[in-house]
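Have a look at the structure below, then the notes.
Hydrogens, waters and symmetry mates are skipped; everything else that's a heavy atom, side chains included, is used. Start at 1 and go down the list; that is how both ligands and their atoms are numbered.
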Amino acid sequence: MPKKVLIVEDEKAISDIIMFNLKREGYEVMQALTGPDGLKMALENEPDIVLLDIMLPEMDGFEVLTKIRETSEVPVIMVTAREEECDKVLGLETGADDYVTKPFSMVELLARVKANTRRTVSAIKKPETSMKIGDILIDTEAQAVMKNDAPLDLTQREYEIILYFAKNPTKVISREELMEKVWGYDYYGDLRAVDVAMRRLREKIEDDPSEPKLIITKRGVGYYLGK
Ligand code: CA
């Protein structure tokens, strides 16, 4: 999918040159000629990056950026007319990701666009931080488990058990395996410790612990996730 660039620039001739060069590089390009239009398109048209001129009619680039940042983390490259404005872009912590100073070369601008859109790709590839089992949500970053949005009070071991099931959604997991993976290789415990832990976990996560629907027993083999 081509990356979408939004150019917010009131000088049509400059905007057109930038658009021409970006399109040649395979980008999809949108143009806005005023601050309010730029803001609207940045929020509604989901660009991958915004090139934002500072000197704009109606609403200047700083104001547009502040409003964008209220709801969006889209990368923004500020286009400044003078060197002095760079200090403002960087110093005010406006939330700009980068800037270029007019007059800029197309080579430089394209390099900046490329660098700043690459970053969003890696941001999207962030590892999953939440998993779902039925109505149970596991937030691995906060190490929290929720049932219907209400937090469950699990012990560390109970958390690790449910996480292990979530990571192995199609597998029947034996008590031996749970003992090895959750309790650890050097735990020489009774396998009944697993039964006890599972019973307690079920009391917390199941609607009816006597008839488990989330983690089901396969008699003589182990446990598996319900569908
Ligand atoms: Ca301008």
Which of the protein's N, O or S atoms come within less than 3.0 Å of the Ca ion (ligand 1), not counting waters?
Asp10 OD1, Asp53 OD2, Met55 O
Are Arg175 and Asp195 within salt-bridge range, i.e. N to O under 4.0 Å?
yes
Taking Lys40 first and then Glu44, would you say they form a salt bridge - that is, a charged N and a carboxylate O separated by under 4.0 Å?
yes
Charged N to carboxylate O under 4.0 angstrom, Glu206 versus Arg199?
no
Is the backbone of Arg69 close enough, under 3.5 Å, to the side chain of Ser72 for a donor and an acceptor to pair up by distance?
no
Under a 4.0 Å N-O cut-off, is there an ion pair linking Glu158 with Lys204?
yes
Using the rule that two of Ile, Leu, Val, Met, Phe, Trp, Tyr join whenever any of their side-chain heavy atoms come within less than 4.5 Å, decide whether Leu56 and Leu43 are in one cluster.
yes
